[in-house]
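Hydrogens, waters and symmetry mates play no part in the numbers below; they use all other heavy atoms, side chains included.
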Amino acid sequence: MALLEAADQANAWIIEDDYDGELFYNKEPLPTLFSLSQQQRVIHVGTFSKTIFPALRLGYFVVPEHLVESVDKVINSFLPAVPLPVQAAVAEFIENGHFATHIRRSKNSMKNAITH
(Lines give C-alpha, C1' and ligand atoms only; values in the text may rest on other atoms or scores of the structure.)
Protein backbone atom coordinates (compact mmCIF):
# COMPACT_ATOMS: atom_id res chain seq x y z
CA MET A 1 0.00 0.00 0.00
CA ALA A 2 2.97 2.30 0.69
CA LEU A 3 4.19 1.78 -2.88
CA LEU A 4 0.79 2.74 -4.27
CA GLU A 5 0.70 5.82 -2.05
CA ALA A 6 4.21 6.84 -3.16
CA ALA A 7 3.22 6.44 -6.82
CA ASP A 8 0.13 8.59 -6.23
CA GLN A 9 2.16 11.31 -4.53
CA ALA A 10 4.88 11.28 -7.20
CA ASN A 11 2.39 11.08 -10.07
CA ALA A 12 4.35 7.99 -11.17
CA TRP A 13 3.44 4.65 -12.70
CA ILE A 14 3.99 1.16 -11.35
CA ILE A 15 4.59 -1.64 -13.83
CA GLU A 16 3.33 -4.86 -12.26
CA ASP A 17 4.76 -7.98 -13.89
CA ASP A 18 2.46 -10.90 -13.08
CA TYR A 19 4.75 -13.67 -14.32
CA ASP A 20 3.15 -16.50 -12.31
CA GLY A 21 -0.10 -15.21 -10.85
CA GLU A 22 -2.30 -17.71 -12.66
CA LEU A 23 -0.29 -20.67 -11.39
CA PHE A 24 -0.26 -19.68 -7.72
CA TYR A 25 -1.50 -22.87 -6.09
CA ASN A 26 -0.13 -23.02 -2.55
CA LYS A 27 -2.67 -20.63 -1.00
CA GLU A 28 -4.78 -17.73 -2.09
CA PRO A 29 -2.73 -15.24 -4.13
CA LEU A 30 -2.31 -11.70 -2.93
CA PRO A 31 -4.45 -9.13 -4.74
CA THR A 32 -2.74 -7.42 -7.64
CA LEU A 33 -1.50 -3.87 -7.25
CA PHE A 34 -3.70 -3.05 -10.24
CA SER A 35 -6.80 -4.13 -8.32
CA LEU A 36 -5.76 -2.13 -5.25
CA SER A 37 -4.84 1.12 -6.97
CA GLN A 38 -7.52 3.70 -6.22
CA GLN A 39 -5.81 6.32 -8.38
CA GLN A 40 -5.20 3.91 -11.28
CA ARG A 41 -1.41 4.24 -11.19
CA VAL A 42 -0.63 0.60 -12.15
CA ILE A 43 -0.04 -1.07 -15.50
CA HIS A 44 -0.41 -4.84 -15.13
CA VAL A 45 1.66 -6.99 -17.52
CA GLY A 46 1.27 -10.71 -18.07
CA THR A 47 2.12 -13.47 -20.50
CA PHE A 48 0.73 -16.78 -21.65
CA SER A 49 4.24 -18.26 -21.93
CA LYS A 50 4.05 -20.12 -18.63
CA THR A 51 0.37 -21.00 -18.77
CA ILE A 52 -0.27 -22.06 -22.35
CA PHE A 53 2.94 -22.45 -24.38
CA PRO A 54 6.29 -20.60 -24.28
CA ALA A 55 6.66 -20.36 -28.06
CA LEU A 56 3.29 -18.61 -28.28
CA ARG A 57 5.06 -15.33 -27.47
CA LEU A 58 1.80 -13.65 -26.51
CA GLY A 59 1.49 -11.28 -23.60
CA TYR A 60 -0.98 -8.70 -22.42
CA PHE A 61 -1.32 -5.38 -20.64
CA VAL A 62 -4.13 -4.41 -18.30
CA VAL A 63 -4.18 -0.63 -18.14
CA PRO A 64 -6.51 2.00 -16.73
CA GLU A 65 -9.22 2.91 -19.24
CA HIS A 66 -7.79 6.36 -19.94
CA LEU A 67 -4.49 4.81 -21.12
CA VAL A 68 -5.86 2.19 -23.51
CA GLU A 69 -5.58 4.29 -26.66
CA SER A 70 -2.08 5.59 -25.85
CA VAL A 71 -0.71 2.16 -24.91
CA ASP A 72 -2.26 0.64 -28.03
CA LYS A 73 -0.48 3.22 -30.24
CA VAL A 74 2.86 2.63 -28.54
CA ILE A 75 2.64 -1.16 -28.65
CA ASN A 76 1.56 -1.22 -32.27
CA SER A 77 4.34 1.15 -33.37
CA PHE A 78 7.27 -0.64 -31.70
CA LEU A 79 6.57 -4.34 -31.41
CA PRO A 80 5.92 -6.85 -34.16
CA ALA A 81 2.44 -8.16 -33.58
CA VAL A 82 1.58 -11.75 -32.88
CA PRO A 83 -0.40 -12.93 -35.93
CA LEU A 84 -4.10 -12.13 -35.65
CA PRO A 85 -5.21 -15.76 -36.08
CA VAL A 86 -3.10 -16.71 -33.04
CA GLN A 87 -4.57 -13.84 -31.01
CA ALA A 88 -8.09 -14.82 -32.10
CA ALA A 89 -7.51 -18.47 -31.17
CA VAL A 90 -6.28 -17.53 -27.68
CA ALA A 91 -9.20 -15.12 -27.22
CA GLU A 92 -11.66 -17.87 -28.19
CA PHE A 93 -9.87 -20.34 -25.88
CA ILE A 94 -10.36 -17.88 -23.00
CA GLU A 95 -13.94 -16.89 -23.90
CA ASN A 96 -15.05 -20.52 -24.10
CA GLY A 97 -13.74 -21.23 -20.59
CA HIS A 98 -10.94 -23.54 -21.71
CA PHE A 99 -8.21 -21.35 -20.21
CA ALA A 100 -9.84 -21.40 -16.76
CA THR A 101 -10.19 -25.19 -16.99
CA HIS A 102 -6.57 -25.53 -18.10
CA ILE A 103 -5.35 -23.36 -15.18
CA ARG A 104 -7.43 -25.32 -12.66
CA ARG A 105 -6.08 -28.65 -13.96
CA SER A 106 -2.51 -27.32 -14.02
CA LYS A 107 -2.76 -26.14 -10.41
CA ASN A 108 -4.14 -29.52 -9.32
CA SER A 109 -1.37 -31.36 -11.18
CA MET A 110 1.35 -29.23 -9.57
CA LYS A 111 -0.20 -29.57 -6.13
CA ASN A 112 -0.45 -33.36 -6.51
CA ALA A 113 3.14 -33.59 -7.78
CA ILE A 114 4.45 -31.72 -4.73
CA THR A 115 2.40 -33.65 -2.17
CA HIS A 116 3.37 -37.07 -3.55
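- Each of T32, D17, I14 was checked for a side-chain contact (heavy atoms from CB on, under 4.5 Å) with H44, and the lone residue meeting it is T32.
- I94 CD1 to I52 CD1: the interatomic distance, rounded to the nearest 0.5 Å, is 6.0 Å.
- Residues T51 and F99 come closest through the heavy atom pair OG1-CE1, 3.6 Å.
- Atoms CG and CZ, from L3 and R41 in turn, are 12.0 Å apart once rounded to the nearest 0.5 Å.
- Rounded to the nearest 0.5 angstrom, H102 NE2 and R105 CZ are separated by 10.0 Å.
- The CD atom of E16 sits 7.5 Å away from the OG atom of S35 when rounded to the nearest 0.5 Å.
- Dense packing is recorded around CD of Q87, with more than 12 heavy atoms of other residues, nucleotides or ligands lying under 6.0 Å away.
- Here F61 contributes atom CZ and D72 contributes atom CG; the two are 11.0 Å apart, rounded to the nearest 0.5 Å.
- The only member of V42, L33, V45 that meets side-chain contact (heavy atoms from CB on, under 4.5 Å) when paired with I15 is V45.
- Between atom CD of residue Q40 and atom CH2 of residue W13 there is a gap of 7.5 Å, rounded to the nearest 0.5 Å.
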>> Apply side chain to side chain contact (heavy atoms under 4.5 Å, CB included) to residues M1 and E5 and explain how you reach the verdict.
In response: CA-CA 6 Å; M1 295 310 290; E5 187 175 319; over 6 Å; no
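- Using a 4.5 Å cut-off between side-chain heavy atoms of Ile, Leu, Val, Met, Phe, Trp and Tyr, with links allowed through other members, V86 and L84 fall into different hydrophobic clusters.
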